[in-house]
Amino acid sequence: MHISFIKPSMGDLRSSDAMTPLAFGYLSAMTPPDVERVLYDERLEEIPLDEPTDLVAMTVETYTARRAYQLADAFRARGVPVVMGGYHPTFVPDEAARHADALVLGDAEGVWPRVVEDARRRRLAPRYGQAAPPPLAGITPDRSIFQGKGYAPVRLVQYGRGCKWACDFCSIHAFYGRNLRQRPVREVVEEIEALDGKLVFLVDDNIFADEARAEELFEALVPLGIRWTCQTSIDVAWKPGMVDLMRRSGCISVLIGFETLDPANLKQMRKAWNAKAQGYEGAIERLKDAGLMIYGTFVHGYDRDTPDSFERNLEFAVRNKFFLANFNPLTPTPATSLYERLRREGRLIRDPWWLDPSYRYGHATFHPRGMTATELEEGCYRARTRFNTLSSIARRAFDRRTNLSSLYNLGVFLAVNLISRTEIHRKQDAPLGARPPSTQPGRTPVPAEGLP
Ligand code: B12
Ligand code: SF4
């Protein structure tokens, strides 16, 4: 039996910074050894639509759904069964089921071996899921499928799933609810020790989701001598000694969702806790004293935002010499309470935007209250562009506590900022899904039936 793992791109986009799709590392590790498996990642290569295979397994996110459905339709047109999993099919199974023979809802652990056996017997069930989330012990990703593809030289490792907070726009909360799980620290340490590279990205959406378990992990990382980066909620900075421990264990940077400087917006997104304790400035000082570079993300379009909000957030990010920053238009993804609220209020512009052929990356998907939809998309793009000018990069580099604290940090700062500078322009305004075949000489035509 032969399985093709497929990671669709958002559209006709190749990426210069694609990272290993960890979901397939897990699926490959759980696949019986007699099954041949190959990975195709459309961010890096063409998908060979006519290659003989017995099963296509796709991971689907909301931004890649349109493209995933096009590819799936092409495989199914020649009789190859397609199974989909990941965030988007879990959120909108009825939509995904129109383009797949089987769906895996939620985590694959505890389910995937059964899917493979059913596919082998040509008896795939339409849906697979489980009543309770499976424990995360005992499985280490198989990274052999990533070899030779040209992925970014950072090693993705997952410690836990879920988050203790419940921000209204967040897919993680929609996917896991209140459920929090971590892998045994010993297994994570063994996995990291076996990696060839020494820059690790701990991909948990909030590494500080469980404070005690986070501390246990950081302690265990100290002797490994690695460098690592992560995403965390800001309260990590409030806990005495925590950011110093992170630094000692090799952490070089943290991504934090600041989202907005407006307390009423924070309240509306159910993130009022973000600005508690010493507020943003106090947290930033603590992080900087510990030497951690800060990647701040901001979201625009909540009810108190006006055209001035972009400038305020931009000024804040540059003044605090953030390592990186992102200025996103608020984008309602399915199954979030934000999406339900905007739909109820009749404010969605394209519903569902992720299937709309006229949607472009970076564009507004709903009517904000304090500005027009056009002001929202232009304001975000302008803030991104200005944050990434060469003079902004030079100005932000000069932070002796963080970005300039070592040659290593400076090297990472410059490399990642220069990549980010090109990526923002490459992605902006890109359509989701492939353009009609006639506009793409040399590409394998993809049937667009059901997807205009
Ligand atoms: C690291 C990361 C990135 C990296 C790239 C990762 C990569 N490998 O290329 C970067 C930073 C570049 C990135 C970019 C983006 N990301 Co991102 N990213 C993540 C993050 C933090 C971790 C991904 C990961 O490795 N997970 C670990 C694996 C093991 O978990 P998993 O993918 O959920 O897989 C499990 C199950 O879902 C299931 N499963 C998944 N796929 C499949 C397929 C099959 C066949 C089966 C059976 C099962 C199955 O089985 C797996 C094991 O249980 C996730 C959040 C998260 N914690 O997952 C966000 C996340 C996936 N990203 C998200 C988004 C929105 C984006 C962007 C679109 C952001 C933007 N505005 O530009 C971009 C573009 C993405 C793209 N497709 O091109 C959202 C997706 C939301 C949604 N509704 O789809 C997430 C959930 C973050 C969030 N908080 O909302 N991302
Ligand atoms: S803190 Fe981050 S991961 Fe947690 S619910 Fe909020 S946005 Fe999602």
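Note that ligands are numbered from 1 as they come in the structure, with each ligand's atoms numbered from 1 the same way. None of the values given here were measured: they were computed from a predicted structure.
When distances from atom 90 (O) of ligand 1 to the protein are checked, a heavy atom turns up under 4.0 Å. Within 4.0 Å of atom 55 (C) of ligand 1, at least one protein heavy atom is present. Within 4.0 Å of atom 27 (C) of ligand 1, at least one protein heavy atom is present. Taking a distance limit of 4.0 Å, we find that atom 68 (C) of ligand 1 is approached by some protein heavy atom. Under the 4.0 Å distance rule, the nearest protein heavy atom to atom 52 (C) of ligand 1 falls inside the cut-off. Checking atom 71 (N) of ligand 1 against the protein gives a heavy-atom contact under 4.0 Å. Protein heavy atoms are found inside the 4.0 Å sphere centred on atom 44 (C) of ligand 1. Distance remark: protein heavy atom present below 4.0 angstrom from atom 1 (C) of ligand 1.
The shortest N or O to N or O distance between Ala57 and ligand 1 is not under 3.5 Å. Ligand 1 has no nitrogen or oxygen under 3.5 angstrom from a nitrogen or oxygen of Pro8. For Asp204, no nitrogen or oxygen atom sits less than 3.5 Å from a nitrogen or oxygen atom of ligand 1, counting backbone and side chain alike. In terms of N/O distances under 3.5 Å, ligand 1 is not approached by Gln231.
Note that Arg161 lies in the cation-pi zone of Tyr26, set by a 6.0 Å cut-off to the ring centre and a 45° limit from the axis. By the 6.0 Å and 45° rule, Arg396 stacks over the aromatic ring of Phe387.
When ring centroids are compared, Phe322 and Phe258 come within the 6.0 Å threshold. Taking the six-membered ring for Trp, Trp228 and Phe218 have ring centres closer than 6.0 Å. Trp353 has its ring centre no less than 6.0 Å from the ring centre of His363.
The contact set between ligand 1 and Trp112, taken as ligand atoms under 4.0 Å from a residue heavy atom, comprises 47 (C). The contact set between ligand 1 and Pro21, taken as ligand atoms under 4.0 Å from a residue heavy atom, comprises 8 (N). For ligand 1, the atoms sitting less than 4.0 Å from at least one non-hydrogen atom of Thr64 are 77 (N), numbered in the order shown with element in parentheses. Contact atoms of ligand 1 toward Asp107: 53 (O) (distance under 4.0 Å to a heavy atom of the residue).
Salt bridge Arg123/Glu117: absent, no basic N to carboxylate O contact under 4.0 Å. The residues Arg127 and Asp94 are annotated as salt-bridged, a charged nitrogen and a carboxylate oxygen being separated by less than 4.0 angstrom. Between Glu340 and Arg343 there is a salt bridge, since a side-chain N of the basic residue sits under 4.0 Å from a carboxylate O of the acidic one. Salt bridge Arg155/Asp196: present, at least one basic N to carboxylate O contact under 4.0 Å. A salt bridge links Asp107 and Arg181; the closest N-O separation between the charged side-chain nitrogens and carboxylate oxygens is under 4.0 Å. Salt-bridge check for Arg360 with Glu377: failed, with every basic side-chain N at 4.0 Å or more from each acidic carboxylate O. Electrostatic pairing of Arg213 and Asp204 does not count as a salt bridge here, judged by no charged N lying under 4.0 Å from a carboxylate O. Salt bridge Lys7/Glu61: present, at least one basic N to carboxylate O contact under 4.0 Å.
For atom 40 (C) of ligand 1, the choice among Gly362, Gly86, Ala68 with the nearest heavy atom turns out to be Gly86. Taking each of Tyr339, Tyr361, Tyr87 in turn, the one with a heavy atom nearest to atom 86 (C) of ligand 1 proves to be Tyr87. Ranked by closest heavy atom to atom 9 (O) of ligand 1, the top entry among Glu423, His88, Arg43, Glu42 is Arg43. When the heavy-atom distances from atom 29 (C) of ligand 1 to Tyr151, Phe175, Tyr26 are ranked, the shortest goes to Tyr26. Ranked by closest heavy atom to atom 87 (C) of ligand 1, the top entry among Asp205, Thr333, Ile6, Asn326 is Asp205. Among Lys7, Glu61, Met58, the residue whose heavy atom sits closest to atom 61 (C) of ligand 1 is Glu61. Within the set Thr297, Leu105, Val203, the minimum heavy-atom distance to atom 22 (C) of ligand 1 is found for Val203. Around atom 38 (C) of ligand 1, the closest heavy atom drawn from Gly106, Gly257, Ala152 belongs to Gly106. Ranked by closest heavy atom to atom 73 (C) of ligand 1, the top entry among Glu109, Met30, Arg67, Lys427 is Lys427.
Contact between Phe201 and ligand 1 is present, with at least one heavy atom of the residue lying under 4.0 Å from the ligand. Look at Thr20 and you'll find a heavy atom under 4.0 Å from some atom of ligand 1.
Side-chain polar atoms of Asp142 and Ser144 form a donor-acceptor pair below 3.5 angstrom. Residues Tyr280 and Asn274 bring a donor and an acceptor atom of their side chains to less than 3.5 Å of each other.
The minimum heavy-atom distance linking His300 with Asp305 is given by the pair CA-OD2, 3.5 Å.
Classification of the Tyr361-Tyr63 ring pair by plane angle, with boundaries at 30° and 60°, yields tilted. The aromatic rings of Tyr151 and Phe146 stand perpendicular to each other, their planes meeting at an angle above 60°, with 30° marking the opposite boundary. Note: Phe323 and Tyr295 have perpendicular aromatic rings, judged against thresholds of 30 and 60 degrees for the angle between ring planes.
Atom 8 (Fe) of ligand 2 has no N, O or S atom of Cys167 inside 2.8 Å of it.
The single protein non-hydrogen atom nearest to atom 78 (O) of ligand 1 is Met10 CG, 3.9 Å, given as residue, atom name and distance. Nearest non-hydrogen protein atom to atom 35 (C) of ligand 1 is Ala23 CB, 4.5 Å. In terms of protein heavy atoms, atom 8 (Fe) of ligand 2 is closest to Cys170 SG, 2.3 Å. If you check which protein heavy atom lies closest to atom 2 (Fe) of ligand 2, you get Lys271 NZ, 4.3 Å. Thr62 OG1, 3.5 Å is the protein heavy atom nearest to atom 82 (C) of ligand 1.
In Val104, the part holding a heavy atom less than 4.0 Å from any atom of ligand 1 is the side chain. When heavy-atom distances to ligand 2 are checked against a 4.0 Å cut-off, Cys163 comes that close only through its side chain, counted from C-beta outward.
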